[in-house]
J.: 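Dropping the structure in here first, questions after.
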Amino acid sequence: MLVVDDEPNIRELVQVALKFHGCAVNTAGTGADALRLAESSRPDLIVLDVVLPDLDGFEVCRRLRAGGNEVPVIFLTARDTSSDTVTGLALGGDDYVTKPFSVEALVARVRAVLRRASRSSPEQGLESDPVLRIGDLELDESRWSVHRAGVPVDLSPTEFRLLAYLMRHQGRVLTRAQLLENVWGWDYAGQSQIVETYVSYLRHKLDPLGPPLIHTQRGVGYSLRAPGGASPAAGDPQPGAQPGHGQPG
């Protein structure tokens with residue numbers, strides 16, 4: 001693990017907590033040191049403060065992703081606005097923890113992100129076909145590539161995971177709770193707008209290349225189906241659906 005924060009007491013607190021749970025931990029107090037250690041030590045996860053004395057955490061994450069480093073990132077910050085949350089996740093972050101925070105809750109989120117990263121690793125599931133196809137949409141999990149009508153579609157890691165999950169369950173209406181649990185890795189209490197945000201990102205990138213694929217089942221959730229596919233009945237039981245979880249827009 002790599003813990004990045006400009007406050008020594010917070011670095012030490014998180015380091016001790018993660019070490020107690022069996023993690024090897026490096027620490028850094030600046031964005032530059034974070035980038036250097038991310039390259040040299042190749043951590044399994046980074047706990048990254050947003051406010052740093054040189055590069056902010058968003059810029060650190062942006063440079064990591066631009067360099068092809070997809071290490072999971074949990075942002076740690078005193079900021080608590082939905083716009084900052086969406087910014088961090090849109091840059092490729094995996095979770096967002098606000099200060100003051102519970103150490104136990106942070107450790108639980110670290111575990112959840114690591115579990116999700118393990119489940120979505122391109123190396124897993126080699127016995128099954130890594131290529132998902134629906135109509136003219138093709139997603140190759142082994143190469144982490146997406147094409148629609150033969151045109152490459154550039155997706156962030158979170159967009160890719162969301163699209164893959166929708167494609168694996170094509171034709172089924174998935175609730176926001178299901179998507180949060182299976183794509184983001186845990187229950188984002190009070191942050192269900194993240195699903196709508198990322199569905200909007202996918203539509204913005206996929207819809208210009210052909211008919212809409214992602215459909216809203218008002219009051220239930222979202223489904224992905226090929227153009228001309230039948231709409232699932234609103235009363236059809238969905239696997240793992242949990243009634244009463246929000247009203248997707």
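We number each residue from 1, following the sequence as shown.
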J.: Just wondering, do Val131 and Leu139 contact through their side chains at under 4.5 Å, heavy atoms?
T.: no
J.: Under 4.5 Å between side-chain heavy atoms, counting indirect links through other Ile/Leu/Val/Met/Phe/Trp/Tyr residues: same cluster for Leu114 and Val103 or not?
T.: yes
J.: Can you see whether Arg203 engages Thr216 through a side-chain donor-acceptor pair at a distance of less than 3.5 angstrom?
T.: yes
J.: Below 30° counts as parallel, above 60° as perpendicular, anything between as tilted: where do the rings of Tyr201 and Tyr198 land?
T.: perpendicular
J.: Fit a plane to each ring of Tyr96 and Phe75, take the angle between them on a 0 to 90° scale, and name the class: parallel (under 30°), tilted (30 to 60°) or perpendicular (over 60°).
T.: tilted
J.: Check the side chains of Ser223 and Arg225 for a donor-acceptor pair under 3.5 angstrom, ignoring hydrogens and angles.
T.: yes
J.: Could you tell me whether a side-chain N or O of Ser200 sits under 3.5 Å from a main-chain N or O of Glu196, the two making a donor and an acceptor?
T.: no
J.: Starting at CD of Gln217, measure out to NE2 of His215 and round the result to the nearest 0.5 Å.
T.: 10.5 Å
J.: Should Ile46 and Met1 count as side-chain neighbours, where that means a heavy-atom distance under 4.5 Å?
T.: no
J.: Within a radius of less than 6.0 Å around CG of Asn9, do more than 12 heavy atoms belonging to other residues, nucleotides or ligands occur?
T.: yes
J.: Is it true that Thr158 and Arg161 share a donor-acceptor pair across their side chains at a distance under 3.5 Å?
T.: yes
J.: Applying side chain to side chain contact (heavy atoms under 4.5 Å, CB included) to Val107 and Leu18, what does each step give before you reach the verdict?
T.: CA-CA 7 Å; Val107 171; Leu18 291 174; 4.3 Å; yes
J.: Does the distance from a Lys or Arg side-chain N to an Asp or Glu carboxylate O, for Arg11 and Asp5, drop under 4.0 Å?
T.: no
J.: Tell me, do Asp140 and Leu132 make a side-chain contact under 4.5 Å, heavy atoms counted?
T.: no
J.: So, the side chain of Arg148 versus the backbone of Leu206: is there a donor-acceptor pair under 3.5 Å, distance only?
T.: yes
J.: Quick one: closest heavy-atom pair of Leu155 and Leu163, and the distance?
T.: CD1-CD2, 3.7 Å
J.: Which residue pairs satisfy the side chain to side chain donor-acceptor pair (under 3.5 Å) criterion with at least one member in residues 62-71, sequence neighbours excluded?
T.: Glu59-Arg62, Glu59-Arg63
J.: If you define the side chain from C-beta out and look only at heavy atoms, does anything of Val60 sit under 4.5 Å from Val4?
T.: no
J.: Is a salt bridge present between Asp49 and Lys99, judged by a nitrogen-to-oxygen distance below 4.0 Å?
T.: yes
J.: Start with the C-alpha gap between Leu55 and Thr30, add the side-chain angles, then the distance that decides, and say whether side chain to side chain contact (heavy atoms under 4.5 Å, CB included) holds.
T.: CA-CA 7 Å; Leu55 307 172; Thr30 67; over 6 Å; no
J.: Just so I know, are the side chains of Leu202 and Leu213 near enough to count as touching, which here means a heavy-atom distance under 4.5 Å?
T.: no
J.: What I'd like to find out is whether the side chain of Arg109 reaches to under 4.5 Å of the side chain of Val97, using heavy atoms alone.
T.: yes
J.: Any chance you could measure Arg172, atom CZ, to Gln178, atom CD, to the nearest 0.5 Å?
T.: 9.5 Å
J.: Looking at every non-hydrogen atom in both residues, tell me the closest pair between Pro43 and Ala38 and how far apart they are.
T.: CD-O, 3.6 Å
J.: Look up atom OH in Tyr222 and atom OG1 in Thr175, then write down how far apart they are to the nearest 0.5 Å.
T.: 11.5 Å
J.: What do the steps show when you test Asp33 against Arg36 for side chain to side chain contact (heavy atoms under 4.5 Å, CB included), and what is the final call?
T.: CA-CA 5 Å; Asp33 285 345; Arg36 178 179 55 81; 3.6 Å; yes
J.: Locate the shortest heavy-atom distance separating Asp6 from Pro53; write the atom from each residue and the value.
T.: CB-CD, 3.7 Å
J.: For Glu12, I'd like to know if atom CD has over 12 heavy atoms of other residues, nucleotides or ligands within 6.0 Å.
T.: no
J.: Surrounding CG of Asp44 (heavy atoms of other residues, nucleotides or ligands, distance under 6.0 Å), is the total greater than 12?
T.: no
J.: Between Leu52 and Gly29, which heavy-atom pair has the shortest distance, and what is it?
T.: CD2-O, 4.0 Å
J.: How would you list, by chain and number, every residue that makes a salt bridge (Lys or Arg N to Asp or Glu O under 4.0 Å) with Asp54, sequence neighbours excluded?
T.: none
J.: Could you give the distance from CD1 (Ile10) to OG1 (Thr27), rounded to the nearest 0.5 Å?
T.: 13.0 Å
J.: Given Leu76 and Val50, is the side chain to side chain contact (heavy atoms under 4.5 Å, CB included) satisfied, shown in steps?
T.: CA-CA 6 Å; Leu76 185 63; Val50 170; over 6 Å; no
J.: Which heavy atom in Leu179 sits nearest to a heavy atom in Leu162, and how many Å separate them?
T.: CD2-CD1, 3.9 Å
J.: Give the cluster check for Val151 versus Val153: same hydrophobic cluster or not, with ILVMFWY residues linked at side-chain heavy-atom distances below 4.5 Å.
T.: yes
J.: What heavy-atom pair brings Ser156 and Lys205 nearest, and what distance separates the two atoms?
T.: N-NZ, 4.3 Å
J.: To the nearest 0.5 Å, what is the distance between CG (Leu2) and SG (Cys23)?
T.: 12.5 Å
J.: Answer whether the closest heavy-atom distance between the side chains of Leu64 and Leu35 falls below 4.5 Å.
T.: yes
